[in-house]
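All values below were derived from every heavy atom in this structure, side-chain atoms included, with hydrogens, water molecules and symmetry-related copies excluded.
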Amino acid sequence: MNAVAEALAAPFNTVAVLIRLHARAAPQRRAVLQDGKMLDYAALDSAMDRVAAALQRDGVQPGQVVALCAATSLSYAVTYLGALRAGVVVAPLAPGATADSLALMLRDAGARLLFTDRETAQLLQGRATDLPRIALDGAQDGIPWPQWLAPAGPSPADVPVDADWPFNIIYSSGTTGEPKGIVQPHGMRWVHVQRGDAYGYGAQTVTLLSTPLYSNTTLVVFFPTLAYGGSVVLMPRFDAAAWLQLAQQERATHTMLVPVQYQRLLTHPAFDAYDLDSFHMKFCTSAPFSAALKAEVLARWPGGLVEFYGMTEGGGTCILDAHAHPDKLHTVGRPAQGHDIRLIDAQGKEVARGETGEVVGRSPGMMKGCHGRPDKTREAEWYAPDGQRFIRTGDIGRFDAQGFLTLLDRRKDMIISGGFNIYPSDLEAVLRQHPAVQDVAVVGVPSEQWGETPVAYVVPKKEPALAPEELRTWMNQRVGKTQRLGDLRYLAELPRSAIGKILKRELRALYAGGEHK
């Protein structure tokens, strides 16, 4: 067994160690690429050393935090990986957040340094001014990154990393708008790496990523690719035509996409003209993935399709190997090996198989907690009668007889109308059957008569578009009396987060603001 294989087989190791081993074994193999620029493993390893040495020079200790808030770039990737080599915790922040939210997250994380770019620096102008800034794009809004790096040469001080040490703090506001820092340990990330063998990661892997590097969605594929010695092709902004061209050009074998990206690729008029035979495995997570869309991916796109259902907080994960279970596309699969997924009722008691309940999970990879927020940590936890700790998802689901989990909806999105529980996903599934509907989201709005009533926001397909009232009538003829829509409105596009989650709070605010009048 060679050194790389031994490292991957260990009960615990780090991505930084694996990259060092790949740099020694295959220094000229491509590691990270973007916009025609490339770092091979030798260059990546050397650059990571320069980042780690610079952090040590600046007095940033293992376990302390640095923040990254910038667009995807090679310097972003190198800084992230170099910080990990120094045992430093990374807080990757979303550049699309408001200035107030970013300032709040920087304070909450206790960041020692802020790595940014021109656009984010302008957003933060006048805020967090006491925090040293390094400009990843070489802009003058901070120390230019090339000048900040330690000189090439002597290696940084070795930092043996423990599995329980914090790896990163992922700030997730979900769809509530309130940022919370989810502390993921190194051991949790190693669990993600170890399952990579099952998905064909290796030296020949070419992973194309167009979701941002601050997102856990991206990171669960980014780190394993490098740990196995593959190549990562970074795309800062998703564009369907450019993505297809890049996938064909680079002979991509793996990718992570969110459902809306799959939809946009498949509806691109030239999709079938591209050669995508190189794909071995495609992944999806982070947002509801309709059975119809999964079926279309399987029918038109070579390679396997895997859906991950889980949370940034960790806990349990369900995995659907869609290519192996075409009759289960309406589910999110079965619990991963070693993962314990259960359902509980409103009183916190487990429900019987076949009954509906909130999904809670336990696994080898779980968050340490919400950074500086013990109250939020407690809210996220459920303890079994035997004392085992589980993470609450807030999702409502049901297991079938074969152990596959069907998700019904988010607990907070469930509509209670006239005393009846209405799951928006049920109504959305019916609306998607109409040929005029491209995308849809159903939310609950206040009703004097019923307490709440469902309202649909629909993105119509191109002309001819049906009148909204005609579509609402069509819909209400196909659902139960308690499920009928109180209103239906068209939008050009549904509000989404950077990783494709529909922001239902914005739709409720839109309706409350009188847009519908």
Query - From Asp439 atom CG to Ser290 atom OG, the distance as rounded to the nearest 0.5 Å - result: 9.5 Å
Query raised in the report: Less than 4.5 Å apart, any side-chain heavy atom of Phe167 and any of Leu84?
Result: yes
Report task. Taking all heavy atoms of Val159 and all of Pro62, pick out the closest pair and write down the distance. Result -> CG1-CG, 3.9 Å
Query raised in the report: Any donor-acceptor pair under 3.5 Å linking the side chain of Gln194 with the backbone of Ala10?
Result: yes
Report task. In plain terms, say whether Asp239 and Arg237 are close enough for a salt bridge, that is, a side-chain N and a carboxylate O under 4.0 Å apart. Result -> no
Report task. Kindly indicate whether the side chain of Trp148, heavy atoms from C-beta on, has any atom under 4.5 Å from the side chain of Arg57. Result -> yes
Report summary line: Hits for ring pair (Phe, Tyr, Trp, His ring centres under 6.0 Å) against Tyr199, two or more places apart or cross-chain, chain-then-number order -> Phe283, Phe308
Query raised in the report: Under a 4.5 Å cut-off applied to non-hydrogen side-chain atoms, are Met48 and Val51 in contact?
Result: no
**Report entry** Partners meeting side-chain contact (heavy atoms from CB on, under 4.5 Å) with Pro146 (sequence neighbours left out)
**Finding:** Pro144
Report task. Return yes if some donor-acceptor pair links the side-chain N/O of Glu358 with the main-chain N/O of Ile344 below 3.5 Å, else return no. Result -> no
Query raised in the report: Which pairs, with at least one residue in residues 11-23 and sequence neighbours excluded, count as a salt bridge (charged side-chain N to carboxylate O under 4.0 Å, His left out)?
Result: Arg20-Asp45, Arg20-Asp49
Query raised in the report: Hey, mind stepping through Tyr309 and Phe289 against ring pair (Phe, Tyr, Trp, His ring centres under 6.0 Å) and telling me if it holds?
Result: CA-CA 10 Å; Tyr309 164 70; Phe289 197 5; over 10 Å; no
Query raised in the report: Should Ile134 and Leu113 count as side-chain neighbours, where that means a heavy-atom distance under 4.5 Å?
Result: yes
Report task. Measure the spacing between CZ of Arg30 and CG of Leu39 and express it to the nearest 0.5 Å. Result -> 12.0 Å
**Report entry** For the student: nearest non-hydrogen atoms of Leu208 and Thr255, plus distance
**Finding:** O-OG1, 2.6 Å
Query raised in the report: Between the side chain of Thr116 and the main-chain N/O of Cys69, is any donor-acceptor distance below 3.5 Å?
Result: yes
Query raised in the report: In terms of ring plane angle, is the pair Phe238 and Trp243 parallel, tilted or perpendicular, where the classes change at 30° and 60°?
Result: tilted
**Report entry** More than 12 heavy atoms from other groups under 6.0 Å of CZ on Arg496
**Finding:** yes
Requested in this report: Might you confirm whether atom CD of Glu119 has over 12 heavy atoms from other residues, nucleotides or ligands at distances under 6.0 Å?
Outcome: no
Report task. Kindly check if the number of other-residue, nucleotide or ligand heavy atoms within 6.0 Å of CD (Gln204) is above 12? Result -> no
Query - Audit row: Trp190, Val193, side-chain contact (heavy atoms from CB on, under 4.5 Å) steps and yes/no - result: CA-CA 5 Å; Trp190 187 245; Val193 168; 3.7 Å; yes
Query raised in the report: What orientation do Tyr201 and His254 show, parallel under 30°, tilted 30 to 60°, or perpendicular over 60°?
Result: parallel
Query raised in the report: Between Asp413 and Arg508, does at least one N-O distance fall below 4.0 Å, as a salt bridge requires?
Result: yes
Query raised in the report: Under the 3.5 angstrom rule, does the side chain of Arg85 hit a backbone N or O of Ala16 as a donor-acceptor pair?
Result: yes
Query - Whether Asp117 side chain and Ala71 backbone form a donor-acceptor pair below 3.5 Å - result: yes
Requested in this report: Could you verify whether a donor N or O on one side chain and an acceptor N or O on the other, from Thr205 and Thr207, lie under 3.5 Å apart?
Outcome: no
Query - From Thr211, Leu209, Leu265, Thr217, residue fulfilling side chain to side chain contact (heavy atoms under 4.5 Å, CB included) relative to Leu257 - result: Leu265
Report task. Step by step, work out the side-chain contact (heavy atoms from CB on, under 4.5 Å) result for Leu219 and Leu213. Result -> CA-CA 6 Å; Leu219 300 178; Leu213 281 174; 4.3 Å; yes
